[in-house]
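Let me begin by presenting the structure, written as structure tokens, before commenting on it.
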Amino acid sequence: MGKTRGPYMEEFPIGSLVKIATRSSLEDFMRTWKLHNKLMPEQLEYAGTSGKIKSVGFYHGGDELYQIEGVPGIWHECCLESEQ
């Protein structure tokens, strides 16, 4: 949550180009994350994919949750990196 900008401050504003983490990173996240908005198994197929942020929301406590154009699912900040 809030890697560099703090809680309730999106790391990737709408329109930002991002890359989804590697499959092994996503699998690790799926295995260890026990709270809200868990990754779905079908999201693993998008590992390494790039796309534009379509929307950003925040879970109670400030966790950033993203949607990516053309990519299904809700994505946590730690599953994304800047493509620029």
**Message:** Using side-chain contact (heavy atoms from CB on, under 4.5 Å), reason through L44 and M30 one step at a time and then give a plain yes or no.
**Reply:** CA-CA 9 Å; L44 294 175; M30 284 181 73; 3.6 Å; yes
Are the side chain of [X] and the backbone of [Y] linked by a donor-acceptor contact shorter than 3.5 Å?
| X | Y | value |
| --- | --- | --- |
| E64 | E11 | yes |
| Y66 | F12 | yes |
| S25 | A21 | no |

**side-chain contact (heavy atoms from CB on, under 4.5 Å) assessment of E45 paired with R23** = CA-CA 8 Å; E45 299 305 315; R23 187 178 183 99; 3.5 Å; yes
Closest non-hydrogen atom pair, [X] against [Y]:
| X | Y | value |
| --- | --- | --- |
| E83 | S50 | OE1-OG, 3.0 Å |
| Q67 | S55 | OE1-OG, 2.8 Å |
| K52 | G15 | CG-O, 3.6 Å |

**Message:** Taking the side chain as everything from C-beta on, heavy atoms only, tell me whether I68 gets closer than 4.5 Å to I53.
**Reply:** yes
**Prompt:** Charged N to carboxylate O below 4.0 Å: is that the case for E27 and R31?
**Reply:** no
With rounding to the nearest 0.5 angstrom, report the [atom1] to [atom2] distance, [X] to [Y].
| X | Y | atom1 | atom2 | result |
| --- | --- | --- | --- | --- |
| I20 | W75 | CD1 | CH2 | 4.0 Å |
| L39 | H76 | CG | NE2 | 6.0 Å |
| Y46 | L26 | OH | CG | 13.0 Å |
| I74 | C79 | CD1 | SG | 12.0 Å |

**Item:** Hydrophobic cluster identity match, L80 and M40, side-chain contacts under 4.5 Å
**Value:** no
